[in-house]
Amino acid sequence: MRYTAIIDRLQDLGGDKWALHNESRRRIAAGDEIMELTIGEPDITTDPALVEHCVAALRAGRTRYSNGRGETGLVNALIDLYADRLPGIEEENVLCFPGTQTALFAVILALAGEGDGVLTGNPFYATYEGVIRAAGASLQSVPLRIEHGFVMQPADLRAAITPESRVLLLNTPHNPTGAVMDRDAIASLGQLCIEHDLWIVCDEVYEALIFEGTFVSPLEIAELRERTVVVSSISKSHAATGFRSGWSIGPVAFSRRLLPLSETMLFGNQPFIADMTEAALRGDFDTAERLREALGRRARRVAAAVADLPMLSASLPQGGMFLMIDVSRTGLDGEAFAEQLLERHDVAVMPGISFGESAAGLVRVALTVPDDTLLEAVRRMGCLCDELAEAAADREAVT
Ligand SMILES: Cc1ncc(COP(=O)(O)O)c(C=O)c1O
C-alpha cells in the first residue's frame with residue numbers, strides 16, 4: 001500500500017530516540033525496580049480547584065462546539081497575560097491550540113515548507129525534528145555549546161543560515177539543557193533574523209519554571225515583534241499536561257493566515273478545558289512556585305553530588321525540568337553510558353544523542369522524581385564510573 005510523503009518522512013523518527021526509555025518501561029512491566037529519570041512530567045498533580053473548575057464547566061454544559069480561535073474568556077485572559085509584552089495585543093493575535101506541541105506544529109507548517117530550512121539549537125527537544133520534517137522542511141542545526149552555558153551564539157547562528165532558512169526556532173528555558181536566554185542574547189540573534197528576514201518562533205512552555213535568571217521573550221523586543229510567534233501552554237506552569245491546552249501569540253496578519261489551518265485541523269477546542277485554562281491563568285495557584293522550588297533544589301543537589309565524581313560533570317540548569325551530565329571522560333558516549341547504567345545499575349536516563357549530535361557525550365536526567373531517588377541515581381553513576389575505571393586499568397595492565 002502507498003502512503004504520502006509526510007508519513008514516510010516521519011517513519012524513522014522516534015523509535016531510536018526512545019529505545020532506552022522503552023527498554024526501561026519493558027523491565028518495569030516485567031517487575032524490575034528501575035529508577036526512571038527519562039521523561040519529564042511534573043511530579044505534582046493539577047491543583048484540585050482547577051480540576052473542579054473543569055468538572056463544573058462540564059456539568060454546566062460547556063460541551064458544545066467552540067470556534068477556531070478559542071473561547072472568548074480564554075482569549076481575553078491571554079490578552080491580559082501578554083499585554084505588557086505585546087502592547088496593543090488584540091483577539092486576532094491569539095489562537096488556542098491543544099498544547100504547545102500542536103501550536104508549534106501548525107505554526108511551523110505555516111512558515112516553512114518543502115525545501116525550506118528551520119534553524120534550531122542542537123541539542124533540541126525531541127519532537128522538533130518531526131515537526132520540521134512533517135512540514136517538508138529541513139532542520140538546520142546551530143550548535144549549543146556547553147562552554148557558553150548552551151546559549152546560542154550569534155556566530156554559530158550566522159554560520160548555519162543559508163538562503164533556504166526561513167525560521168529560527170528558539171526554546172527558552174531550554175529542553176534538554178535548562179539554558180535561559182537573556183535580553184542581549186535574544187536581541188543579538190534577533191538582529192540576524194532581521195538581516196536575513198527570518199521568522200522567530202519561540203517555545204516558552206517552561207517560562208514559569210525558571211530558578212535562576214529572568215525570563216525574556218523575543219516579544220519584549222519591539223523590533224522583533226513583527227516576526228515573532230510565541231507558543232506555550234499550561235502543561236508545565238499548572239502541572240496540567242493531560243489537559244492539552246496551549247496557544248500561539250503572533251502578528252495579526254500571521255494569525256489570520258493560520259486560523260484556517262487551525263480550523264481545518266481542529267474545528268475548535270473544548271470549552272470546558274478553555275474555562276479551566278482561563279481560571280488557571282487568572283487565578284492565584286502555587287503550582288509553578290512549588291515546582292520551581294523543587295526542581296531548582298534538586299538541580300543544585302544533583303550538581304553538587306556529581307561534582308564529587310571526577311569522571312562526570314553536570315551543568316547547572318537555569319530552568320526547566322532537566323539536568324545534563326557530561327559523561328565523555330568515562331570513555332563512553334552518552335548512549336553507551338546510559339545503556340550500561342540501565343543494564344548494571346537499574347537507572348534509566350536519556351542518552352544525549354536523542355536530542356541531537358551536539359549532546360552525544362551527555363545524558364539527560366529528569367528532575368521530576370524525589371531528591372533521594374536522584375541522589376541514589378548519582379551514587380550508582382559513581383559505581384559505574386568506578387567499574388569503567390577498573391576495566392580500563394585492567395586493560396592497561398594486560399597491554
Ligand atoms: C520544549 C518543549 N516544548 C513543548 C512541549 C510540549 O508541551 P505541551 O504539553 O504544551 O504540548 C514540551 C513537553 O515536554 C517541551 O519540553
Side-chain angles (χ1 to χ4, degrees), residues 14 17-18 21 36-46 50 70 74 78 81 95-109 118 120-132 134 139 144 150-152 167-181 200-210 215 217-218 229-249 262 265-266 269-270 273-274 276-277 280-281 287-288 291 295 317-324 350 352 354-356 359 364-369:
K17 287 189 204 310
W18 302 106
H21 171 72
E36 196 177 89
L37 314 178
T38 42
I39 300 235
E41 172 104 35
D43 62 335
I44 58 178
T45 52
T46 316
L50 282 180
L74 173 55
L78 286 164
L81 187 67
L95 287 174
C96 297
F97 285 96
T100 313
Q101 186 64 35
T102 323
L104 189 64
F105 188 89
V107 168
I108 294 293
L109 209 58
V118 177
T120 199
N122 186 329
F124 45 80
Y125 174 49
T127 72
Y128 285 0
E129 203 176 356
V131 168
I132 294 166
L139 188 151
L144 301 179
F150 295 112
V151 172
M152 190 183 289
V167 179
L168 171 63
L169 170 55
L170 296 175
N171 172 215
T172 181
H174 187 259
N175 178 6
T177 67
V180 173
M181 302 185 79
I200 300 172
V201 176
C202 195
D203 177 345
E204 302 181 351
V205 72
Y206 291 107
E207 172 184 348
L209 303 186
I210 293 192
F215 176 77
S217 168
V229 184
V230 160
V231 289
S232 194
S233 77
I234 57 163
S235 286
K236 317 289 178 181
S237 57
H238 293 80
T241 50
F243 283 87
R244 313 306 303 129
S245 190
W247 53 84
S248 70
I249 308 289
S262 166
M265 246 182 357
L266 304 168
N269 300 303
Q270 303 85 340
I273 290 179
M276 171 271 192
T277 307
L281 298 181
T287 313
L291 270 171
L295 293 165
Q318 294 172 282
M321 302 198 304
F322 307 99
L323 174 141
M324 301 296 272
M350 284 298 278
S354 297
F355 308 98
R364 186 191 79 169
V365 172
L367 298 166
T368 47
V369 296

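Order of appearance sets the numbers: ligands from 1, and atoms from 1 within every ligand. Along the sequence shown, residues are numbered consecutively beginning with 1. Predicted model only: the values in this text are computed from it and were never measured. Reckoned from all heavy atoms, side chains included, excluding hydrogens, waters and symmetry mates.
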Side-chain ([X]) to main-chain ([Y]) donor-acceptor, under 3.5 angstrom:
| X | Y | answer |
| --- | --- | --- |
| T46 | A239 | yes |
| H174 | P123 | yes |
| N269 | G70 | no |
| R364 | T38 | yes |

(request) Compute the shortest N/O to N/O distance between S233 and ligand 1 and return yes if it is under 3.5 Å, no if not. (result) yes

(request) Consider every N or O of K236 and every N or O of ligand 1, then say whether any pair is closer than 3.5 Å. (result) yes

(message) Return the closest protein heavy atom for atom 5 (C) of ligand 1 as residue, atom name and distance.
(response) Y125 CE2, 3.6 Å

(request) Considering only non-hydrogen protein atoms, determine which one is nearest to atom 4 (C) of ligand 1 and report residue, atom name and distance to 0.1 Å. (result) D203 OD2, 3.5 Å

Suppose I only count heavy atoms of [X] and a 4.0 Å limit; which atoms of ligand 1 are within that range?
| X | result |
| --- | --- |
| Y206 | 1 (C), 14 (O), 15 (C), 16 (O) |
| G99 | 10 (O), 11 (O) |
| S235 | 8 (P), 9 (O), 10 (O) |
| Q101 | 11 (O) |

Residue part near ligand 1, for [X], under 4.0 Å between non-hydrogen atoms:
| X | result |
| --- | --- |
| N171 | side chain |
| R244 | side chain |
| V205 | side chain |

(message) Can a side-chain donor-acceptor contact be found between T241 and E41 if the only test is distance below 3.5 angstrom?
(response) yes

(message) Against E204, only a single residue in P173, S217, S233 fulfils side chain to side chain contact (heavy atoms under 4.5 Å, CB included); can you say which?
(response) S217

(request) Determine whether M276 and I234 make a side-chain contact, defined as any pair of heavy atoms from C-beta on separated by less than 4.5 Å. (result) yes

(message) Could you work out, with side-chain contact (heavy atoms from CB on, under 4.5 Å) as the rule, every residue matching E129, not counting sequence neighbours?
(response) L13, K17, F124, R133, L139

